[in-house]
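Because the structure is a prediction, the values reported are computed rather than measured. No hydrogens, no waters, no symmetry mates; every other heavy atom, side chains included, goes into these values. Indexing begins at 1, ligand by ligand and atom by atom, following the structure's order. For the single chain, residues carry numbers from 1 onward in sequence order.
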Amino acid sequence: MKRITKLTKQPVAAMFILSLLMSVSTAGADEVEKAVDYRQGLMNVYNWNMKAMSNMMKGKVPYDQKTFAAHANDLAAASALSLLPGFPEDSESEESDALPEIWMEFDDFEAKYKALGEAASNLSRTAADGEKGAIGEALKKTGKACKACHKKYKN
Ligand code: HEC
């Protein structure tokens, strides 16, 4: 009996270590996927609101100041959330359009996110009591803040 236990001990230990290693590596991949989901989720929130506002400005749907202001408010709130934890170092994946330049110039990436926050809160203030021309300008500036980041850091 003793002999058998001794013999089986080693493979069991090896299997245990192997499964430990495997769970560590899948946890890593899992964390990346979660981060990608989070950041893309936020991007989709931005997009939802931007699309609604630009459709109104273009006359694709009737302009309604209250609805517009609500979207501007939501965009400002969403772009005040922490986006950067959604970009842990080197979190590239097949599901993602994020470029490696993000982690080479993280300070600049952060600055571009800050610029969006400022543009969006300005848009929200303007939409609350501005006239349509000023609101249109503020919307354009916000769109530029999206594009400035995508141009450099998104596939
Ligand atoms: C600080 C940089 C930055 C700013 C600012 C930014 N984005 Fe992005 N965006 C990215 C990156 C990077 C990706 C790719 C993310 C990925 O696929 O992992 C992305 C992806 C997207 C996507 C695709 C999401 C998906 O499901 O694949 C949309 C839509 C989007 N952004 C819209 C916007 C809009 C609208 C704005 C402005 C209101 C904006 N983004 C501002 C960096 C930014």
Shortest protein heavy-atom distance from atom 23 (C) of ligand 1, along with the residue and atom involved | Lys154 CE, 4.1 Å
Could you tell me the residue and atom name of the protein heavy atom closest to atom 28 (C) of ligand 1, and the distance to it rounded to 0.1 Å?
->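 Its nearest protein heavy-atom neighbour is Met43 CB, 3.8 Å.
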Can any side-chain N or O of Glu131 pair as donor or acceptor with the backbone N or O of Ala134 at less than 3.5 Å?
->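 Yes.
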Is the backbone N or O of Glu33 less than 3.5 Å from a side-chain atom of Glu95, with the two atoms forming a donor-acceptor pair by type?
-> no
Ligand 1 and [X], any nitrogen or oxygen pair closer than 3.5 angstrom?
{"X": "Asn47", "answer": "no"}
{"X": "Ser96", "answer": "yes"}
{"X": "Asn44", "answer": "yes"}
{"X": "Gln40", "answer": "yes"}
{"X": "Asp97", "answer": "yes"}
{"X": "Tyr113", "answer": "no"}

Among Ser93, Cys146, Cys149, closest by heavy atom to atom 1 (C) of ligand 1 is Cys149
Of all N, O or S atoms in His150, identify the one at the shortest distance from atom 8 (Fe) of ligand 1.
->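 Within His150, restricted to N, O or S, atom 8 (Fe) of ligand 1 is closest to atom NE2.
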Is the cationic atom of Lys112 (NZ for Lys, CZ for Arg) positioned less than 6.0 Å from the six-membered ring centroid of Tyr153 and within 45 degrees of its normal?
->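 Ring-cation test returns no.
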Should we say atom NZ of Lys144 is surrounded by more than 12 heavy atoms from elsewhere, each under 6.0 Å from it?
-> no
More than 12 non-hydrogen atoms from neighbouring residues, nucleotides or ligands closer than 6.0 Å to NZ on Lys147, yes or no?
-> no
Nearest heavy atoms of [X] and [Y], plus distance in Å:
{"X": "Val45", "Y": "Ala78", "value": "CG1-CB, 3.7 Å"}
{"X": "Thr142", "Y": "Ala119", "value": "OG1-O, 3.5 Å"}
{"X": "Leu139", "Y": "Leu123", "value": "N-CD1, 3.6 Å"}

Any idea which atoms of ligand 1 are less than 4.0 Å away from a heavy-atom of [X]?
{"X": "Phe87", "result": "12 (C)"}
{"X": "Ile102", "result": "12 (C)"}
{"X": "Arg39", "result": "16 (C), 18 (O)"}
{"X": "Tyr153", "result": "12 (C)"}
{"X": "Ala145", "result": "5 (C)"}
{"X": "Met50", "result": "35 (C), 38 (C)"}

Angle class for the Phe68/Tyr63 ring planes (parallel below 30°, perpendicular above 60°, tilted otherwise)?
->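 Taking Tyr63 first and then Phe68, their aromatic rings sit tilted (interplane angle of 30° to 60°).
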Got Thr67 and Met56 here, is their nearest side-chain heavy-atom distance under 4.5 Å?
-> yes
